[in-house]
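Quick note on labels: first sequence line is chain A, next is B, and so on, each numbered from 1.
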2 protein chains.
Amino acid sequence: MKLSATLRSRSDQALAFLRARILDGDLKPGALLAESAVAVDLGVSRVPIREALFALERDGLVEFSETGRAYVKDLSPHDFEELYVLRLTLEPVAARLAAAALREDPSALEKNIEATRRASSLIKVTHLDLDFHEIILEASGNARLLKLWRSSGHELELWLGRLHRSKQIQTHGTREETVSTHCDLLECFRTQPPPVCERKMREHILGWREWLPAGMPVAAHDGTKSTTNRR
Amino acid sequence: MKLSATLRSRSDQALAFLRARILDGDLKPGALLAESAVAVDLGVSRVPIREALFALERDGLVEFSETGRAYVKDLSPHDFEELYVLRLTLEPVAARLAAAALREDPSALEKNIEATRRASSLIKVTHLDLDFHEIILEASGNARLLKLWRSSGHELELWLGRLHRSKQIQTHGTREETVSTHCDLLECFRTQPPPVCERKMREHILGWREWLPAGMPVAAHDGTKSTTNRR
DNA sequence: TGAAACAAAACGGTATACCGTCTCAAGAAC
DNA sequence: GTTCTTGAGACGGTATACCGTTTTGTTTCA
């Protein structure tokens, strides 16, 4: 194994490497990440590996046993539901907080949509979709909100990646649908007051669950009971 | 310095020790936490100290400079506003999700209120107040929501502790007010549907800002602009 | 055949050591 | 007096080593 030299410290390099391996599905759920073994693989000592593993635990990609061993996280449908609820909670609030700033300067969103129109592959569309949401979280001016959103993003990416590889779902709509719904949101930010933007974002996220596989448990947004989506 | 032996690892002991020192105000905002110095103080090597510092960063009690030095966090009013928004976002959702479970078994909340009635000091009332909210977060069944709430709690405790020591505020109402509002919430969980519980919890948290010092910036819950409370 | 006991290997927690970088203060140049 | 230079100490990043515990595979006994 060879570590990229673009990142400062070896911990960061190990972190990036392991994160990519886990998200790519190269490291299977439940796999033991023994410090010594990984250290030998990557040609570094155990110290940077330890730190990378702790960081991965923070991101939810790794979990520790009681005896301190690190394993690749095995996410359940319930985990996904928790993550979905989290997004459904955070993003509308972020949209409300970001509304004023985005109304004043919607250029970042416009550029993103333009890039999505020109994107050469579906995977790029997916990344630009994520970026679109991140722009809103950043514009909210609440760094903690953004931090929490990002950390949940790693787990979500892990979950969606696994579903995608097992061919159970398409994890998103087409380019046209993405562009269309994002244009809707942009128009909302441009013309509507914050509380309307909040509602719009909630609807946007609720609409996203239509892309999940049939039978995937998702929380009902009225909070009464869990249900399953219709597809 | 002597570390308590009740915790497993030296990292945990160092973490508990440093966290207590920071929250007590013994370590001032901006103070450098040099690994070697702390290690010597606590009679351990640098390794457990490093891990404790990383954990403290995760909790928001410590921040790292670009060169990797750890400093005790210096919270600004803007930081407090971010934390307040976070709670205002998370807790009502937790209340909605927890409503069904708490309706079925409100005993934990009842016991907490009873203990609050009997509490011998105001500091105990404060802790029981926190516990009351934590019970709701736990009952939400969303472990991630709980985790985020707890992590924001450390920062909030830090902020309130500093205000309290500088005599700028009383950080809470009286025992009677606490018991009274909590009884209100309990009654709501017992008799009202989840969305009503959600609204009730939002009001409860909005009411809490009345206890902040005059001029403390808090986010308006309509999301339009920041404002200041009236006291 | 299956369970219990045991031994060897694996693994994590921690201490120590080395090295490069950063910091900061004392001194030099202007 | 102010700014620039410089060198010693401080500090963090990482490697290596030691030790106790956990894990695992094998053997032994019922």
request  = At under 4.0 Å between heavy atoms, which parts of nucleotides 5-14 of chain D does protein reach? Answer with one letter per nucleotide, 5' to 3': B base, S sugar-phosphate only, - none.
outcome  = ------SBBB
key: Stepwise side chain to side chain contact (heavy atoms under 4.5 Å, CB included) test for B:D79 and B:W159   = CA-CA 9 Å; B:D79 287 313; B:W159 172 263; 5.8 Å; no
request  = Could you give me the CA-CA distance, side-chain angles and deciding distance for B:L53 and B:L15, then say whether side chain to side chain contact (heavy atoms under 4.5 Å, CB included) is met?
outcome  = CA-CA 7 Å; B:L53 291 177; B:L15 173 59; over 6 Å; no
note = A:I49 atom CD1 is separated from C:dA10 atom C1', nearest whole Å, by 17 Å
ask   = What integer distance in Å separates A:L42:CG from D:dA15:P?
value = 11 Å
task = Apply the test side chain to side chain contact (heavy atoms under 4.5 Å, CB included) to residues A:R58 and A:S151: give CA-CA distance (whole Å), side-chain angles for both, the deciding distance (0.1 Å), then the verdict.
result = CA-CA 8 Å; A:R58 215 189 36 184; A:S151 76; over 6 Å; no
task = Work out which heavy atom in A:R103 is nearest to a heavy atom in A:F189; give both atom names and the distance.
result = CB-O, 3.5 Å
inquiry  = Please give me the minimum heavy-atom distance between A:K124 and A:A119, naming the atom from each residue.
reply    = CB-CB, 4.1 Å
